[in-house]
Amino acid sequence: MARIELGIPRVDGLVPRAPQARSTWCSSQRTEERFAIVVRQNREVAISDAVRHIKDGIVEGRIADQDPEVLAEAVVGVTERLAQTYLLERDDPVDQVADAAVAFCLRGLMG
């Protein structure tokens with residue numbers, strides 16, 4: 001669980017902390033196909049990493065015995081959505097959003 005807890009803020013870490021940099025990042029993501037490819041690749045890596053850690057958690061009995069890929073997609077999806085809403089649209093503090101993502105995802109994973 002600790003590895004998952006540490007990994008969730010790293011997904012948020014793909015979004016720049018400075019407000020002006022976030023605005024540029026968001027615009028680039030929409031307009032630059034090369035940038036979009038990198039974002040998709042990073043997402044695939046995040047999901048792959050999460051699957052591995054979730055499988056370990058299932059074996060240890062710390063995570064509900066469900067499809068690890070579905071759970072990984074859920075963790076990454078929740079984190080991405082929170083980042084979109086609270087970092088890019090509302091400019092909330094990164095640490096606060098990362099803490100919320102960790103709290104929500106861990107409670108959901110622990111069943």
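Shown here are the salt bridge (Lys or Arg N to Asp or Glu O under 4.0 Å) partners of Glu73, two or more places apart in sequence or in another chain: Arg43. Applying the side chain to side chain donor-acceptor pair (under 3.5 Å) criterion to Glu89, with sequence neighbours excluded, gives Gln84. In terms of the side chain to side chain donor-acceptor pair (under 3.5 Å) criterion, residue partners of Thr85 (sequence neighbours excluded) are, by chain and number, Arg81. For Val51, the side-chain contact (heavy atoms from CB on, under 4.5 Å) criterion is met by Ile47, Lys55, Pro68, Glu69, Ala72, not counting sequence neighbours.
Taking 4.5 Å as the limit, some side-chain heavy atom of Val78 sits within range of a side-chain heavy atom of Leu82.
Scanning all heavy atoms of the two residues, the minimum distance from Leu87 to Val94 falls at CD2-CA, 3.6 Å. Gln66 and Ile58 make their closest contact through O-CD1, 3.4 Å (heavy atoms, listed as atom of the first residue, atom of the second, distance). Shown here for Ala83 and Val97, the closest heavy-atom pair between the two residues is N-CG1, 4.3 Å.
For the atom pair Asp99 CG and Phe104 CZ, the distance stands at 15.5 Å (nearest 0.5 Å). Distance check: Arg62 CZ to Leu106 CG gives 9.5 Å after rounding to the nearest 0.5 Å.
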